[in-house]
Amino acid sequence: MLRAWILPILLVLCGSAVATGLILGENTGAAAALVPVFLVLAGVNSPLLFPKSTGALEAQRRSAVDGRPVVFWRPGCKYCIRLRIRLGRSARQVHWVDIWRDPAGAAAVRAANAGNETVPTVVVAGRPHTNPDPEWVREQLSPTT
């Protein structure tokens, strides 16, 4: 769980250091402008951006019942962030599995990607799709919405 927060914490610390340097150099305007930028970057790269993650087995069970896709992701992955943002409110309809928190999820991703933990891996109707177009994923939600 801790490694999911390493990048956001580093972004906050770096932003604080840069802002402190700018304030000491009497450039408070630039410091005030940069602090929110670093905070937004930290937030986007944190697990907070994603809906609550479930375990792989539970997500697969739920998907079998409701037909919704299962998305295997990990914090800090820019492709996962892109998928999450492009799905918008529809992201709450997808079953999310954080492979850093769920060993069974990581194993499922490795099995689908020749031993690699390539994310996002989206499973629809039992078939894995590695880094699919977000619009395609949204289309997979249409029958159930």
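Heavy-atom basis, side chains included; hydrogens, waters and symmetry copies ignored. Note that the structure is predicted; figures quoted are calculated from it, not measured. All residue numbers refer to positions in the sequence shown, counting from 1.
- For the residue pair T118 and N131, no side-chain donor N or O sits within less than 3.5 Å of a side-chain acceptor on the partner.
- In this structure, E117 does not pair ionically with R74, as no charged nitrogen and carboxylate oxygen lie closer than 4.0 Å.
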Candidate pair N113 and T121, rule side chain to side chain donor-acceptor pair (under 3.5 Å), full reasoning: CA-CA 9 Å; N113 294 297; T121 296; 3.0 Å; yes

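- Across V122 and P69, no two heavy atoms sit closer than the pair CG1-CB, 3.8 Å.
- One finds the CD atom of E58 at 4.0 Å from the CZ atom of R62 (value rounded to the nearest 0.5 Å).
- Hydrophobic clustering (side-chain heavy atoms under 4.5 Å, transitive across Ile, Leu, Val, Met, Phe, Trp, Tyr) keeps W73 apart from L7.
- Annotation: the span from I6 atom CD1 to L10 atom CG amounts to 7.0 Å, rounded to 0.5 Å.
- The shortest heavy-atom contact between T54 and A59 is OG1-CB, 3.5 Å.
- Smallest separation of non-hydrogen atoms from A108 and Q60: CB-NE2, 4.3 Å.
- There is a path of hydrophobic side-chain contacts, each under 4.5 Å, that joins L87 to V44.
- Side-chain contact between F72 and P120: absent, with no pair of heavy atoms (C-beta onward) separated by less than 4.5 Å.
- Grouping the Ile, Leu, Val, Met, Phe, Trp and Tyr side chains by contacts below 4.5 angstrom, directly or via other members, places L141 with I85.
- If you take NE2 on H129 and CH2 on W136, they are separated by 3.5 Å, rounding to the nearest 0.5 Å.
- Here the shortest heavy-atom pairing between G105 and V97 reads CA-CG1, 4.1 Å.
- With sequence neighbours left out, the side chain to side chain donor-acceptor pair (under 3.5 Å) criterion links H95 to D66.
- With values rounded to the nearest 0.5 angstrom, S16 atom OG is found 10.5 Å from L11 atom CG.
- Listed here is the closest heavy atom pair of P128 and G126: CD-O, 3.8 Å.
- Taking all atoms of both residues into account, the shortest heavy-atom contact from R82 to P132 is NH2-O, 3.9 Å.
- Remark: the backbone N or O of L22 is not paired with any side-chain donor or acceptor of N27 at under 3.5 angstrom.
- Heavy atoms of other residues, nucleotides or ligands lying less than 6.0 angstrom from CD of E26 number 12 at most.
- Residues L34 and I23 are members of separate hydrophobic clusters, defined by side-chain heavy-atom contacts under 4.5 angstrom among Ile, Leu, Val, Met, Phe, Trp and Tyr.
- One hydrophobic cluster, built from ILVMFWY side chains closer than 4.5 Å, holds both V137 and I81.
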